[in-house]
Colleague: 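Below is a structure I'd like to ask you about.
Order of the sequence lines sets the chain letters (A, B, ...), proteins ahead of strands, with each chain counted from 1.
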Protein chains: 2
Amino acid sequence: MATLKEVAKAAGVSPSTASAALRGLNIVKPDTTHKVIDAASKLNYHINLSARALRSGHTNIFTLIIPDLENDFYAKLANSLADALFIDGCRLIIQISQYDSGKELELVKQQSSSLCDGLFICSTSNTATTIQGAAGDRPVLLFDDMSAPEEECYDSINTTSQGGMYALIHHLQQCGRKRIGIVGVNELAAKNGPRYLGLTLRKRRYAYALAALEQLYGSSEGSAINADWSVESGITTAHELVRQGMPFDALCCMNDQLAFGIMRGLAETGVNVPDDVAVTGFDGVNAGGFTTPTLTTMAIDFAGMAHSAVSMMRRQLELRESSSPMIPQHVIVGSRLLARESTLGRTASTGFTTR
Amino acid sequence: MATLKEVAKAAGVSPSTASAALRGLNIVKPDTTHKVIDAASKLNYHINLSARALRSGHTNIFTLIIPDLENDFYAKLANSLADALFIDGCRLIIQISQYDSGKELELVKQQSSSLCDGLFICSTSNTATTIQGAAGDRPVLLFDDMSAPEEECYDSINTTSQGGMYALIHHLQQCGRKRIGIVGVNELAAKNGPRYLGLTLRKRRYAYALAALEQLYGSSEGSAINADWSVESGITTAHELVRQGMPFDALCCMNDQLAFGIMRGLAETGVNVPDDVAVTGFDGVNAGGFTTPTLTTMAIDFAGMAHSAVSMMRRQLELRESSSPMIPQHVIVGSRLLARESTLGRTASTGFTTR
DNA sequence: CTGAAAGCGCTAACAC
DNA sequence: GTGTTAGCGCTTTCAG
């Protein structure tokens, strides 16, 4: 391995000049830069990033902590983020928390600031303050931060729970549905109703769904259905609802995985989607385009999400540089309704589409 | 940030002793180790990994290059590999090649050996020798290496194309199917037949499928169907086959994505799976457990795959350490038949199962 | 078993 | 614009 010193000697300049030239700094004369670049490629020089990181204090590596890569939502998020960072010449380390909030905190602690310039976290249940305890003073950006307003200490990027739930329920109303079940509420919230928009994405989406029901139907009586956000939970929930005589003509699921499970469970029990029951999801993962029926859902703008995430992280880094105080920002990413067969019926669609 | 020097001073030892103690080397007296660890935690010490990497020459970071994270196969692979590496205290950087062999090579080149200890590559179409040109002398492990035998210069881990295709076709035979189409062959191979088990996974699986057909049915006439390994391609292929009067009673697809597309396309044209046509996939991704019908497929042992990958990488690293010559190893990972509704019929299954 | 000294390869600060 | 100097924080000799 050639070192910078050797390149500098070959180009007839000093190491610092060579360094500046290779980094494309404008303070170097064009032909000096040229000489250096030539020498570097002749010697097949590759920078030693550990040395640069040690000296400069940053690595251009970021870490994303997510519960799971097999869930399409997180896979899409990771994919988009990796792409967005790559454009900026940065790399992404992915760490899996396996839906375990303890392991998640452990991972946050482990990301020594010497290795990664910033953390993107998709937390299952930790609040911003909890994470701050583990992260120390490293830059952090949260996806769907569920902290109470007073503890929102980090930038966050949020899915359009409010607009999304409203759009879906409005769509179901336009399809003529009268009794809409909101699927994916957690047990306590289902029993007591949401006190505030707090602490979990499930509660938040539930609250907004109730609000939309109130607004559009004038009531949200008996519409909450307790379920995990997983395929398995969807299947057992569907069976249970059928056993109860299916008191709904539409099931508005809080994410796509759950909707897939609901659709599967309904198919197993001979209930037709959407003739008997319409189903909607949330996220817009790919599988919704090829299930039978295809799934009506809110498609999150993942590319936009990743783009915002990267530029917000940059902002944090710059503020830190100038040691300005950082006032957390919160962005809500766009999404749009994908109306497909699970609400419109099978004739309405013309095959595979993510549009 | 506390440094090792400070920890050492606080513990009343020298930096080198502190370093050894923190790394758990046995050469340090137990109570010295204790003192050091205490001091470190008291000072909230975190090692600077850049400095360690610069000095020691390795980072415990590995890179996985894959075409895409949204494809469930790669997502599972990435997930398993991240887990397997995590157990060893290593981290994984994921880089997306977007199915572009040029970008893939570019990514390989960019992984400066100072940043990552080794490369795991899931190549779309580059051969081992091509990759070697870009990788230089860094450790590399290939998934489903399609190089001709004479250029297999790296360790590789391969899916059970031979056993898998045989098992699937045997299963279809047992289900009473007479005319089996092999879906997902590329155009040239479909026309000319495979000359050798060469150069692409598609050709390889095709060749083994033909061999199985010959062996089990005595002929493989007219069984190759040209298609990409994607959902979209599956849909158009299904429509095309129906237009031709569907000359098959079973379609053996070379991966799950393609099978999902085929099933979707058949549903759109009113063909019943499996009553009219049985369908099989390959890989065993999660979605196959909740489509209607659920998909019969060969489920790859992803955990085993990742485990082997990590231990083979370790071996390469050790050989390199002792500067022994490295003789490439090739492992074939296990997989097993998941017989589900797309061949057995809808009554056969009892809901969601990945078993 | 522990300590002293050297240096991994780079960039930042400053002098010219 | 360019060169000189110093040192980031750690690990690795090697001496005791």
Colleague: Between B:Leu4 and B:Asn48, is there a side-chain heavy-atom distance shorter than 4.5 Å?
Modeller: no
Colleague: Any chance CG of B:Asn26 has more than 12 other-residue heavy atoms, nucleotides or ligands included, within less than 6.0 Å?
Modeller: no
Colleague: Axis-to-axis angle across the helix from C:dC1-D:dG16 to C:dC16-D:dG1, five pairs an end, to 10 degrees?
Modeller: 30°
Colleague: Do B:Gln98 and B:Asp68 have side chains that get closer than 4.5 Å, going by heavy atoms?
Modeller: no
Colleague: Considering just the side-chain nitrogens and oxygens of B:Ser14, establish if one lies under 4.0 Å of OP1 or OP2 belonging to C:dT2.
Modeller: no
Colleague: CG of B:Asn48 versus P of C:dC8: gap in Å, rounded?
Modeller: 18 Å
Colleague: Considering only heavy atoms of chain B and a distance under 4.0 Å, specify the first and last nucleotide of DNA chain D in 5' to 3' order that meet this criterion.
Modeller: D:dG9 to D:dT12
Colleague: Between B:Asp72 and A:Asp72, is a side chain to side chain contact (heavy atoms under 4.5 Å, CB included) present by the stated rule, with each step listed?
Modeller: CA-CA 8 Å; B:Asp72 290 353; A:Asp72 289 354; 3.2 Å; yes
Colleague: With sequence neighbours excluded, tell me which residues meet side chain to side chain contact (heavy atoms under 4.5 Å, CB included) with B:Asp38.
Modeller: B:His34
Colleague: Tell me, which of residues 24-38 of chain A have any heavy atom that sits under 4.0 Å from an atom in DNA chain C?
Modeller: none
Colleague: Calculate, to the nearest 0.5 Å, the distance between atoms CE and CZ belonging to A:Met326 and A:Arg320 respectively.
Modeller: 8.0 Å
Colleague: Tell me whether B:Gln316 contacts the main-chain N or O of B:Val140 through its side chain, where contact means a donor paired with an acceptor under 3.5 Å.
Modeller: yes
Colleague: Can you list the steps and then say if A:Leu77 with A:Phe143 is a side chain to side chain contact (heavy atoms under 4.5 Å, CB included)?
Modeller: CA-CA 10 Å; A:Leu77 177 59; A:Phe143 290 102; 3.8 Å; yes
Colleague: Write out a two-atom table: protein N or O, nucleotide N or O from nucleotides 12-16 of chain C, distance below 3.5 Å.
Modeller:
{"unit_1": "C:dA12", "atom_1": "OP2", "unit_2": "A:Arg23", "atom_2": "NH1", "d": "3.1"}

Colleague: Who passes side chain to side chain contact (heavy atoms under 4.5 Å, CB included) against B:Gln95, sequence neighbours left out?
Modeller: A:Phe86, A:Arg91, B:Thr63, B:Ile65, B:Ile93, B:Leu107, B:Gln111
Colleague: Within the side chain of B:Thr59, is there an N or O that forms a donor-acceptor pair under 3.5 Å with the backbone of B:Leu115?
Modeller: yes
Colleague: Could you tell me whether the side chain of A:Cys90 reaches within less than 4.5 Å of the side chain of A:Arg314, counting heavy atoms only?
Modeller: yes
Colleague: Using atom CD of A:Glu6 as one end and atom P of C:dC10 as the other, report the distance to the nearest whole Å.
Modeller: 9 Å
Colleague: Just checking A:Ile47: base, sugar-phosphate only, or nothing, at a heavy-atom cut-off of under 4.0 Å?
Modeller: sugar-phosphate
Colleague: Parallel, tilted or perpendicular: which fits the ring planes of A:Tyr74 and A:Tyr99, with parallel below 30° and perpendicular above 60°?
Modeller: perpendicular
Colleague: Rounded to the nearest 0.5 Å, what separates atom CD1 in A:Ile157 from atom CD1 in A:Ile300?
Modeller: 11.5 Å
